[in-house]
**Student:** 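Please see the structure below; I have some questions.
In what follows, residues are counted from 1 in the order of the sequence shown. Because the structure is predicted, anything quoted here is derived from the model rather than measured. For ligands, and for the atoms within them, numbers begin at 1 and follow the listed sequence.
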Amino acid sequence: MDVKEYDYIVVGAGSAGCVLANRLTEDPSISVLLLEAGGRDWHPFIHMPAGLAKLVNIKWLNWGYETEPEPELDSRRLYWPRGKVLGGSSSINAMCYARGHRADYDHWADLGNHGWSYADVLPFFVKAENQERGASDYHGSDGPLNVQDLLHHNPLSDVFLQAAQECGYTANDDFNGPTQRGFGYYQVTQKGGARWSTAAGYLNPARPRPNLTIATKALTHRVLLEGQQAVGVEFFKGRYLQTARARCEVLLSAGAINSPQLLMLSGIGPGQVLSRCGVRVNHELPGVGRNLQDHLDICTLYRSKTDITYDRTNDLAVGLKYMLFHRGVGTSNIAESGGFVVSDLAEDDRPDLQFHFVPAMLDDHGRNRLAGAGFTLHCCALRPDSRGSIEIVSQDPKKYPAIQANYLSAPQDMDLMIEGIRLSRKILGAKAFDEYRADEIFPGADVTSRSDLEAFVRRKAETIYHPVGTCKMGSDDMAVVDSELKVHGIEGLRVIDASVMPTLVSGNTNAPTVMIAERASALIRNIAGYRTSQERTDAAA
Ligand SMILES: Cc1cc2nc3c(=O)[nH]c(=O)nc-3n(C[C@H](O)[C@H](O)[C@H](O)COP(=O)(O)OP(=O)(O)OC[C@H]3O[C@@H](n4cnc5c(N)ncnc54)[C@H](O)[C@@H]3O)c2cc1C
């Protein structure tokens, strides 16, 4: 079989991979092969925002991972959806546009990651963005990632924001501006009321370029190495195992679970884990798959006195209105409003809790439909100390790796979850909710003691879908990539996705991942004008 050659091979067409495919092929002299394990993003529930409630059950769009039994969560296996389709998780996510706190990135730089301070990354958030409210110091208005205000929201979301104000929290209409803290509506990655995944924003415009080849349903098995040089990949497409060669570099953008899996399958990782699975160790790199961090989330849920919520909406009417006019409930991302709070337990002035208000009863990722009508307040701890791991369990690329999130293994993380429930009850207990609030379903009115609240967290806490850190950027012994995202000790191989974050950001992770890929594209293409803040200062001096 003839082996095709490209300048760059990008593995994974998710939030990061679609950005790379677009930005690299802007230069007609660069050829790119983009490999995606999932299929095309034609399903209507991807594009109609409210369809996200259904996506969770569509198995072929979703890897549908489960963690190993979590020791601190009653040994439960937690459900981890991840997108397996063009656009990756940006095709199934909740579309909230949040960048985190400026100090998150300054912390990355303090850890020795040159070029990743807030001043360094802000130009890439701006470059990526098409902010429909217009450009400003914080926002861009000609990037591929469309960001807009929601076209529809439930009246109960207004009630929630009023309740937050009654509790003394300030209103904030831009979590990505000068101040992150406060409560308001999330802006969303949508255009004209339709989901704006990175497939929509970045990949579709690049499709006609002759220098871009996209292969869907192409599961990459491993990176091919010659000595310590990455030279291509082996992937399975159709009924065949195929090989493609990279003249310049292989770029792994398979996400926080699959990028470390692919490194390990390629013999790059912790020797013990590889040897146990019969994989030859090509390069011992102990940090691969370690440093897993995620936002653990707990829901406080009340039954509603009225039918104002989304629980009893007529799906057919919603779908029809959306199809005809791109308006109405179909355009809602359901998690319409929320906020960022600096709790009494915070170590600095960064918010340590994030809230998402859902005007519907949401249990177990929407997989458990509760009877009646109600509303749900999600609260997640933003910078947990607990660390987990991803490990391959077999040399078979189709076998899912073992995910051990180790939630709450750092005992102080539990304190913040309990503080989150206290604040959730306070907000949902405010006067504004008086005419809507009926019984408390979760945690339940009689769950008040510390031990009962802890038991509730162990029984009910779930992921809010932000795993990162498993190929962390840095220069210490456990770092996997350097500050240019090149894999330590291997030539011609970078990891570019959420897995490179050394620490979790204080918010949702799609926009930060897009930013990482924007900055990586500029690094790869050596684009002048996108210099680090230090380089700009030096140049100005
Ligand atoms: C249900 C859900 C809700 C979320 N809500 C929000 C939100 O509201 N706002 C927000 O900012 N973030 C949200 N997130 C998180 C955010 O979407 C992710 O952090 C982000 O998409 C991660 O981007 P990535 O490029 O690292 O990985 P992904 O986008 O997951 O992309 C990885 C891609 O690689 C492909 N792939 C994996 N392995 C292979 C292989 N071996 N061969 C070929 N292809 C492969 C996958 O199929 C996938 O397409 C949510 C996530 C989920 C799952």
**Student:** Is it the case that the side chains of Q354 and N508 hold a donor-acceptor pair, with the cut-off being a distance below 3.5 Å and no angle test?
**Tutor:** yes
**Student:** Tell me whether the centres of the aromatic rings in H43 and W60 are closer together than 6.0 Å.
**Tutor:** yes
**Student:** Taking the ring of Y186 and the ring of Y97, is the distance between their centroids below 6.0 Å?
**Tutor:** no
**Student:** Check each heavy atom of T509 against ligand 1 and say whether those closer than 4.0 Å belong to the side chain, the backbone, both or neither.
**Tutor:** both
**Student:** Using a heavy-atom cut-off of under 4.0 Å, does the side chain or the backbone of N258 touch ligand 1, or both, or neither?
**Tutor:** side chain
**Student:** For ligand 1, indicate whether the residue S499 contacts it via side chain, backbone, both or neither (heavy-atom separation under 4.0 Å).
**Tutor:** neither
**Student:** Going by heavy atoms, is S90 under 4.0 Å from ligand 1?
**Tutor:** yes
**Student:** Quick test of your reading of the structure: of T463, V505, N93, V468, whose heavy atom lies closest to atom 3 (C) of ligand 1?
**Tutor:** N93
**Student:** Please list, in number order, the atoms of ligand 1 under 4.0 Å from a heavy atom of L219.
**Tutor:** 40 (C), 41 (N), 42 (N)
**Student:** Given that the side chain starts at C-beta and the backbone is N, CA, C, O, which of these parts of V85 lies under 4.0 Å from ligand 1, counting heavy atoms, or is it both or neither?
**Tutor:** backbone
**Student:** Could you work out, for atom 29 (O) of ligand 1, the closest of C96, G100, A16, S89 by heavy-atom distance?
**Tutor:** S89
**Student:** If you measure from each heavy atom of W63 to ligand 1, is any distance below 4.0 Å?
**Tutor:** yes
**Student:** Under the side chain to side chain contact (heavy atoms under 4.5 Å, CB included) test against C18, which residue among V514, I214, T198, N204 passes?
**Tutor:** T198
**Student:** Could you check whether the rings of Y400 and W63 sit parallel, tilted or perpendicular, using 30° and 60° as the cut-offs?
**Tutor:** tilted
**Student:** What are the atoms of ligand 1, with element, lying closer than 4.0 Å to any heavy atom of G255?
**Tutor:** 26 (O), 27 (O), 32 (C)
**Student:** If you take the nearest heavy atom of each of A498, S91, P467, A254, which one is closest to atom 39 (C) of ligand 1?
**Tutor:** A254
**Student:** Using a heavy-atom cut-off of under 4.0 Å, does the side chain or the backbone of H466 touch ligand 1, or both, or neither?
**Tutor:** side chain
**Student:** Determine, step by step, whether Y185 and F160 satisfy the ring-ring contact (aromatic ring centres under 6.0 Å, His included) criterion, reporting the C-alpha distance in whole Å, the side-chain angles of both residues, the deciding distance to 0.1 Å, and the verdict.
**Tutor:** CA-CA 10 Å; Y185 280 101; F160 168 71; 9.1 Å; no
**Student:** Please confirm whether S253 comes under 4.0 Å of ligand 1, counting heavy atoms of the residue only.
**Tutor:** yes
**Student:** Number the atoms of ligand 1 from 1 as they appear, then name those within less than 4.0 Å of a heavy atom of L35, with their elements.
**Tutor:** 43 (C), 44 (N)
**Student:** Going by the atom numbers of ligand 1, which of them fall below 4.0 Å from some non-hydrogen atom of G83?
**Tutor:** 46 (C), 47 (O), 48 (C), 49 (O)
